Amino acid sequence: MTLSKAAAPGRLFRTAVVGVLCAAALAASSTAVAAGPVPDKEQSPPFQSGKRAPFCTTYAGPHQKAMEKHLRLKVDGKQSPGDCRALQRYQQRRKIRPDIGYAGPVTYGTALLEQAHRRADPGNKCPNSRVKVICVDLSRQLLWVERGGKVTFAARPVRSGAKGYRTRTGRFQISWRNKNHYSTLYKSPMPYAQFFSGGQAFHAHLGSVYVPPGSHGCVNMRPADAKSLWNHVTTGTSVYIFGRKPRS
């Protein structure tokens, strides 16, 4: 691994840790990025691999119940013709392909995105502070910024650590930043990296933030969101991470 010119020599150890913990997740996403435009292509049911997808699948996806609830359908986890048509219309409006009515992770992730674009509720656990605090709710996979109890950076969807690579909870500060961070070990860019706990950082993720199982400990953000956060905070900004990531 090599350091960028902007990085100080004393940061060598932290940079190495970053490459090990974070870049693998970005490298893994490269296939999804190359496969087509965002949002990433939805998976097809396994039994249909290599075959032309039917107009409307009769099989329930892994997020069937969640999507039934989101679309205000009967919540039973079973795929009915009416469920499939409703899911298919939803996929067509959101440009998710293939639009066969299968409740996979990209369809569900898009629904989470719609829920995430809202003001953080008053009942959150982020501390009331006179200075800016980056708040991360792992339970809802959301990030926002508060100051004096008021939201200054609206809630955005994130992807935290997968099982075995959990994102640490507690109080931190942004210790250093590297706008064009790059891991030569995995040949993976980590744009707008802002480190808050050892090798764990907020940074742009080049694939979908909804594709399971998660990162290697970093808090992944969509590129536009990571850039906006970079412009909104700076070194020394407080960070508070709480909650527990739901099972994928």
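Because the structure is predicted, anything quoted here is derived from the model rather than measured. Keep in mind that the numbers below use all heavy atoms, side chains included, and drop hydrogens, waters and symmetry copies.
The backbone N or O of Arg166 sits less than 3.5 Å from a side-chain atom of Gln200, completing a donor-acceptor pair. Not a single donor-acceptor pair under 3.5 Å links the side chain of Thr107 to the backbone N or O of Ala103. Between the side chain of Arg147 and the backbone N or O of Arg130 there is at least one donor-acceptor pair closer than 3.5 Å. For the pair Gln141 (side chain) and Lys245 (backbone), a donor-acceptor distance under 3.5 Å is absent. In this structure, Gln91 contributes its side chain and Tyr102 its backbone to a donor-acceptor pair below 3.5 Å.
Shortest non-hydrogen contact noted between Pro223 and His205 is CD-O, 3.5 Å. Among all heavy-atom pairs drawn from Ser139 and Gly243, the shortest one is OG-CA, 3.5 Å. Closest approach of Lys78 to Asp76, counting heavy atoms only: N-OD1, 2.9 Å. The shortest heavy-atom contact between Met221 and Leu229 is SD-CD2, 3.7 Å. The two atoms that bring Cys126 and Trp144 nearest to each other are CB-CZ2, 4.5 Å, heavy atoms only. Annotation for Ser215 and Asn220: closest pair CB-OD1, 3.4 Å, computed over non-hydrogen atoms.
Using a 4.5 Å cut-off on side-chain heavy atoms (C-beta onward), Arg89 and Arg93 make contact. Side chains of Tyr182 and Pro189 form a contact here, defined as non-hydrogen atoms less than 4.5 Å apart. For the pair Leu143/Phe153, a side-chain contact is recorded, criterion being any heavy-atom separation below 4.5 Å from C-beta on. Side-chain contact between Leu73 and Ser80 is absent, with no heavy atoms from C-beta onward closer than 4.5 Å. In this structure, Cys135 and Val145 have side chains that are not in contact, with every pair of non-hydrogen atoms separated by 4.5 Å or more. No side-chain heavy atom of Ile174 sits under 4.5 Å from any side-chain heavy atom of Thr234. Considering only heavy atoms from C-beta on, Leu87 comes within 4.5 Å of Gln64 through its side chain. Residues Tyr59 and Gln79 form no side-chain contact, since every pair of their non-hydrogen atoms from C-beta on lies 4.5 Å or further apart.
Going from atom CE of Met190 over to atom CG of Asn178 covers 8.5 Å, rounded to the nearest 0.5 Å. The CD atom of Gln88 sits 9.5 Å away from the CZ atom of Arg85 when rounded to the nearest 0.5 Å. Put simply, CG on Leu142 and CG on Leu112 are 8.5 Å apart, with the number rounded to the nearest 0.5 Å. The structure places CZ of Arg244 at 13.0 Å from OG1 of Thr167, a figure rounded to the nearest 0.5 Å.
Counting heavy-atom neighbours within 6.0 Å of Arg72 CZ, excluding the residue itself, gives a total of 12 or less. Residue-environment remark: CZ (Phe172) exceeds the threshold of 12 foreign heavy atoms within 6.0 Å.
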Discussion item. Show, in sequence, the C-alpha distance, side-chain angles and deciding distance for Phe202 and Phe196, and conclude whether the ring-ring contact (aromatic ring centres under 6.0 Å, His included) test is met.
Written reply: CA-CA 8 Å; Phe202 305 111; Phe196 58 84; 4.7 Å; yes
Practice prompt. Please assess Ile96 against Thr110 for the test side chain to side chain contact (heavy atoms under 4.5 Å, CB included), listing each intermediate value before the final yes or no.
Written response: CA-CA 9 Å; Ile96 299 170; Thr110 302; 3.6 Å; yes
Discussion item. As a quick check of understanding, evaluate side chain to side chain contact (heavy atoms under 4.5 Å, CB included) for Phe242 and Leu138, giving each step before the final call.
Written reply: CA-CA 6 Å; Phe242 61 94; Leu138 298 180; over 6 Å; no
Fill in: Stepwise side chain to side chain contact (heavy atoms under 4.5 Å, CB included) check, Lys132 with His232
CA-CA 9 Å; Lys132 287 182 179 179; His232 190 72; 3.8 Å; yes
Worksheet item: For His181 and Phe195, what are the C-alpha separation, side-chain angles and deciding distance, and is it a ring-ring contact (aromatic ring centres under 6.0 Å, His included)?
Response: CA-CA 11 Å; His181 194 75; Phe195 300 89; 5.6 Å; yes
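Judged by the 6.0 Å and 45° rule, Arg177 forms a cation-pi pair with Trp230.
At a cut-off of 3.5 Å, with distance as the only test, no side-chain donor of Thr237 or Gln173 sits close to an acceptor on the other residue. Checking Thr152 against Glu146 by side-chain atom types alone, no donor-acceptor pair falls below 3.5 Å. Side-chain contact check for Gln92 and Asp99: at least one donor-acceptor pair (N or O, by modelled atom type) lies under 3.5 Å. Of the N and O atoms on the side chains of Ser228 and Asn231, not one donor lies less than 3.5 Å from an acceptor on the other residue. For Ser197 and Arg168, the side-chain atoms include at least one donor-acceptor pair closer than 3.5 Å.
Taken together through direct or relayed side-chain contacts under 4.5 Å among Ile, Leu, Val, Met, Phe, Trp and Tyr, Ile241 and Val233 form part of one hydrophobic cluster. Under the 4.5 Å side-chain contact rule for hydrophobic residues, Val239 and Val151 do not share a cluster.
Tyr90 is linked by a side chain to side chain donor-acceptor pair (under 3.5 Å) to Glu114, counting only residues two or more places apart in sequence or in another chain.
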